[in-house]
Amino acid sequence: MNIIFFGPNGSGKGTQGSILKDKYNIAHVESGAIFRENIKGGTELGKKAKEFIDKGDLVPDEITIPMVLDRIKQDDCSNGWLLDGFPRNKVQAEKLHASLEEAGIKLDIVIEMLLDRQIAKNRIMGRRLCAKDNNHPNNIFIDAIKPDGDKCRVCGGELSARDDDQDETAIDKRHSIYYDTDTGTLASSYYFKDLAAKDDSIKYFTLAGEKDLQSVTDELISKL
Ligand code: AMP
């Protein structure tokens, strides 16, 4: 099962994505997380990516596209993958499509999480990452997933906030890229929506992201 999951930064697609990962036993490929691991590990890739990430800019396509296309051909993706954070612009969408065709890899599901930009911004600023699993949902502004004091509500792990989640200018830039329907992430989502309209074997559906976590999960499961 191969899935692309679109949604604005802060919409909760990482949390929902990890539910799909467990349901289908597939790899959760998060481009942002790959960059963060590289930054943490002090790699060359991490050093290059950091300057863009800190400002809320996209890491250039010549770095990002081969990185993700190689990643989905690794062994742990043989049972399927869920792409989260990629593609993020129209060029990435076209290259992904061409690469899948070339490799004979089938795309099964495309999900677009809908969420108002201001709500997404508030959610980003309240988001906290668990040191043990960054998909454990913790947000200081959402009652249902408030951390347990300063610890992860799921496992008690240490929590931290991402630097780019606390910088309003960086958040605004990330959202301007996401909501851009000409060349940005929504353009990329609509690229796959058009493909799905012509190809019955690809399922494309939207999810209402403003509901609480459990309701979004219920809608997701009912639409799969
Ligand atoms: P995210 O964790 O998805 O919010 O991504 C964090 C940051 O990583 C983004 O703001 C970008 O700087 C970079 N990034 C993640 N995915 C991509 C992508 N597909 N293309 C370019 N840059 C990306």
For the side chain of [X] and the backbone of [Y], is there at least one donor-acceptor N/O pair under 3.5 Å apart?
| X | Y | answer |
| --- | --- | --- |
| His175 | Pro8 | no |
| Asn139 | Arg123 | yes |
| Tyr179 | Leu186 | no |
| Asn2 | Asp108 | no |
| Arg117 | Asp172 | yes |
| Arg36 | Arg162 | no |

Side chains of [X] and [Y]: closer than 4.5 Å at any heavy-atom pair?
| X | Y | result |
| --- | --- | --- |
| Val91 | Ile65 | yes |
| Leu129 | Asp165 | no |
| Lys21 | Asn135 | no |

Assigning hydrophobic clusters by single linkage (Ile, Leu, Val, Met, Phe, Trp, Tyr; side-chain heavy-atom cutoff under 4.5 Å), is [X] placed with [Y]?
| X | Y | result |
| --- | --- | --- |
| Ile140 | Val154 | no |
| Leu58 | Phe52 | no |
| Leu195 | Ile105 | yes |
| Val59 | Ile34 | yes |
| Val216 | Ile111 | yes |

Subject >> Passing candidate, side chain to side chain contact (heavy atoms under 4.5 Å, CB included) with Gln92, options Leu83, Thr185, Thr64, Val68 >> reply: Thr64
Original post:
Yes or no on side-chain contact (heavy atoms from CB on, under 4.5 Å) for Ile109 and Leu20, after CA distance, side-chain angles and deciding distance?
Top reply: CA-CA 11 Å; Ile109 297 176; Leu20 293 183; over 6 Å; no
Taking atom [atom1] as the centre, does [X] end up with more than 12 heavy-atom neighbours from other residues, nucleotides or ligands that are less than 6.0 angstrom away?
| X | atom1 | result |
| --- | --- | --- |
| Lys173 | NZ | yes |
| Asp133 | CG | yes |
| Asp75 | CG | no |
| Lys121 | NZ | yes |

Throw together a table of side-chain donor-acceptor distances under 3.5 angstrom for residues 141-152, partners on residues two or more places apart or in other chains.
{"from": "Asp143", "atom 1": "OD1", "to": "Lys146", "atom 2": "NZ", "distance (Å)": "2.8"}
{"from": "Lys151", "atom 1": "NZ", "to": "Glu158", "atom 2": "OE2", "distance (Å)": "3.4"}

Original post:
Please, which pairs that meet salt bridge (charged side-chain N to carboxylate O under 4.0 Å, His left out) have at least one residue in residues 81-107, sequence neighbours excluded?
Top reply: Lys13-Asp84
Subject >> salt bridge (charged side-chain N to carboxylate O under 4.0 Å, His left out) partners of residues 184-213, not counting sequence neighbours, each pair once >> reply: Lys211-Glu219
Closest contact, heavy atoms only, [X] versus [Y]:
| X | Y | result |
| --- | --- | --- |
| Gly56 | Arg174 | O-CG, 3.6 Å |
| Gly10 | Ile124 | CA-CG1, 3.6 Å |
| Gly157 | Lys132 | CA-NZ, 4.3 Å |

Rounded at 0.5 Å granularity, tell me how far [atom1] in [X] sits from [atom2] in [Y].
| X | Y | atom1 | atom2 | answer |
| --- | --- | --- | --- | --- |
| Asp70 | Cys77 | CG | SG | 11.0 Å |
| Leu107 | Ile202 | CG | CD1 | 5.0 Å |
| Arg71 | Ser31 | CZ | OG | 11.5 Å |
| Glu168 | Ile171 | CD | CD1 | 6.0 Å |
| Leu213 | Asp218 | CG | CG | 10.0 Å |
| Ser188 | Ile4 | OG | CD1 | 7.0 Å |

**OP:** Carefully, step by step, assess Asp180 and Asn89 under the rule side-chain contact (heavy atoms from CB on, under 4.5 Å).
**Re:** CA-CA 9 Å; Asp180 175 352; Asn89 60 31; over 6 Å; no
Original post:
Charged N to carboxylate O below 4.0 Å: is that the case for Lys47 and Glu44?
Top reply: yes
Subject >> Mutual orientation of the aromatic rings belonging to Phe192 and Phe6 [parallel < 30°, tilted 30-60°, perpendicular > 60°] >> reply: tilted
